[in-house]
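For ligands, and for the atoms within them, numbers begin at 1 and follow the listed sequence.
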Amino acid sequence: MAGAANLDVTRRKRLERFIAPFRVKPGSKVVLSRDFDPAFKAGVKKKEGVALLAEGVRLLSEYQARLAAQDTWGVLVVLQALDAAGKDGTIRHVMSGVNPQGVSVHSFKVPSAEERDHDYLWRYAQRLPARGEIGIFNRSHYEEVLVVRVHPENLERQRLPPAANQGDVWKRRYREINEWEHYLTDNGFRIVKLFLNLSREEQRARFLRRIDLPDHNWKFSDADIRERARWDDYQVAFSQALSHTSTKWAPWYVIPADRKWFARVGAAAVLVHTLMQIDPRFPTVTRRQRQALREAKQALEAQAPDGAPANGHKHSRHGASADEEQRSDGSAPPRAGAKRRASEELPSAS
Ligand code: AMP
Ligand code: MG
């Protein structure tokens, strides 16, 4: 077990170093154009990046299974970006290995009349993940200080009472968002905030591609051109949101997004790192439960028909679940993230 634990520590340290340049230090003042390079790739070559992503996807799948089994923590992934930065592709690739039962994805669009009839965080609170789940917000409550700020007519539609509209509405919203996220974190929901940072020139190239490739036309809308015209306003709105809402409990990570493959590696790395911090474990079986399992096993073995082995699963296709059996015998679960080879856990006699 000690070897596996060391492997965990090494891996976690390596990840920490990798994601450190993306992290927005709580309390720091961000100017996106000055502080973060959308083309940064940490000296990683694409081929290495593809291998890293595969490792990340595998780790996510392992951790997600433990997160679900432990059923104590939930993880909320907040994904923000300008158009064509690769939010959808990042979700598709990073989550490609996880059990769909343990994940939820919600895309937030222009609020409906019903949603606008509530406080501005209401619709996001409706979509939070449960314990044991990873929930992804494709756009999020941060739209309330981004698009709503760049287009103040959205704020008018929210029909706030005069008191809520006085002073600096955005500073108040940053504080409210920070408090809401603090509350969620205190209650077992870790928040992973990712901003996919795209350059203006790369956005232009991706828009042109969407126009030129018929199968991609559906991804393009006039709204994209209108929003692009407000590029500088969005850079300011993002810079300020990042400055005011990167907190100790829910820091922002600015992921360089000019290379799609790198954005995916970066996003996976931050998410895996958070899961490593949570370090979810399979629940262990109590002495009483173990005794009950033994009795159930004896009863089942006694029901074997004539000529059938008392316990035949090791010879059947169910034999693949041998590690479950090992755990029900009360052995310690493997450390999260430890490399396990199926051959090490399969019964040697088969
Ligand atoms: P898409 O993600 O391309 O499908 O577009 C969704 C659209 O909904 C974007 O143009 C967002 O700016 C817009 N949107 C998302 N949340 C809000 C919000 N709270 N208020 C106004 N518009 C929003
Ligand atoms: Mg769009």
Side-chain angles (χ1 to χ4, degrees), residues 32 76-95 104-128 135-160 164-165 169-178 180-181 191 193-198 200 202-211 213 215-242 244-245 255 257 260 263 267:
L32 270 177
L76 172 64
V77 180
V78 166
L79 207 49
Q80 284 293 157
L82 288 173
D83 293 303
K87 296 193 300 296
D88 299 279
T90 298
I91 295 170
R92 187 156 35 89
H93 282 83
V94 172
M95 305 311 284
S104 62
V105 184
H106 292 285
S107 299
F108 292 98
K109 312 282 180 187
V110 177
S112 69
E114 189 198 9
E115 288 169 342
R116 272 189 276 109
D117 263 343
H118 290 267
D119 64 279
Y120 72 92
L121 289 177
W122 180 79
R123 68 169 181 162
Y124 308 98
Q126 306 280 306
R127 304 289 182 217
L128 288 171
I136 300 173
F137 281 1
N138 182 349
R139 301 184 187 271
S140 70
H141 47 296
Y142 282 95
E143 292 295 338
E144 304 293 337
V145 292
L146 295 166
V147 67
V148 178
R149 181 173 189 168
V150 173
H151 300 283
E153 60 272 21
N154 288 301
L155 192 63
E156 277 156 40
R157 281 192 211 108
Q158 293 184 357
R159 300 198 317 280
L160 298 175
N165 234 330
V169 176
W170 313 117
K171 284 230 166 92
R172 179 182 299 130
R173 286 196 170 192
Y174 298 144
R175 175 175 54 77
E176 289 161 348
I177 287 172
N178 287 341
W180 187 56
E181 291 181 353
I191 305 171
K193 301 193 295 202
L194 306 173
F195 169 59
L196 302 186
N197 188 27
L198 185 71
R200 190 171 152 87
E202 180 61 21
Q203 189 193 53
R204 190 175 74 90
R206 290 187 191 176
F207 278 170
L208 281 169
R209 189 166 179 273
R210 289 178 176 189
I211 292 168
L213 300 179
D215 285 357
H216 291 242
N217 287 171
W218 65 273
K219 289 189 189 174
F220 188 79
S221 72
D222 326 334
D224 291 339
I225 290 295
R226 282 202 304 276
E227 295 303 283
R228 178 174 165 81
R230 304 297 299 274
W231 182 273
D232 292 339
D233 297 327
Y234 272 108
Q235 293 296 304
V236 170
F238 269 110
S239 294
Q240 299 215 356
L242 293 166
H244 287 95
T245 61
I255 309 291
K260 288 180 179 174

I'd like to check whether Lys109 has a polar contact with ligand 1, where a contact means an N/O of the residue lying under 3.5 Å from an N/O of the ligand. yes
Check each atom of ligand 1 against the heavy atoms of Val148 and keep those under 4.0 Å away; list them by number with element. 20 (N)
Could you tell me, atom by atom, which parts of ligand 1 come under 4.0 Å of a heavy atom of Val147? 12 (O), 17 (C), 18 (C), 20 (N), 21 (C), 22 (N), 23 (C)
Between Leu198 and Glu202, which heavy-atom pair has the shortest distance, and what is it? CD1-CG, 3.5 Å
Within a distance under 4.0 Å of any heavy atom of Asn154, pick out the atoms of ligand 1 and give their elements. 21 (C)
Is it the side chain (CB and beyond), the backbone, both or neither of Asn138 that lies under 4.0 Å from ligand 1, heavy atoms counted? neither
Ligand 1 versus Arg139: contacting region, heavy-atom distance under 4.0 Å: side chain
Per-atom contacts, ligand 1 versus Glu143 - under 4.0 Å to a heavy atom: 12 (O), 15 (C), 16 (N), 17 (C), 19 (N)
The residue among Arg139, Arg206, Lys219 that forms salt bridge (Lys or Arg N to Asp or Glu O under 4.0 Å) with Asp83 is Arg139
What do you reckon, does Pro111 put a non-hydrogen atom under 4.0 Å from ligand 1? yes
Applying the side chain to side chain donor-acceptor pair (under 3.5 Å) test to His141, which of Gln80, Arg123, Glu181, Arg127 qualifies? Glu181
Assess Tyr142 for proximity to ligand 1: is some non-hydrogen atom of it under 4.0 Å away? no
Is there a heavy atom of Arg123 sitting under 4.0 angstrom from any atom of ligand 1? yes
So for Tyr124 against ligand 1, with non-hydrogen atoms under 4.0 Å, the contacting part is side chain
Is the closest N or O pair between Glu144 and ligand 1 shorter than 3.5 Å? yes
Charged N to carboxylate O below 4.0 Å: is that the case for Asp233 and Arg149? no
With Arg226, which residues qualify under side-chain hydrogen bond (donor to acceptor under 3.5 Å, both in side chains), at least two apart? none
Is a side-chain N or O of Ser239 found less than 3.5 angstrom from the main chain of Leu32, in a donor-acceptor match? yes
Does the side chain of Arg157 pick up a donor-acceptor pair with the side chain of Asn154 at under 3.5 Å? yes
Go through the structure and list residues passing ring-ring contact (aromatic ring centres under 6.0 Å, His included) with Phe207, not counting sequence neighbours. Phe220
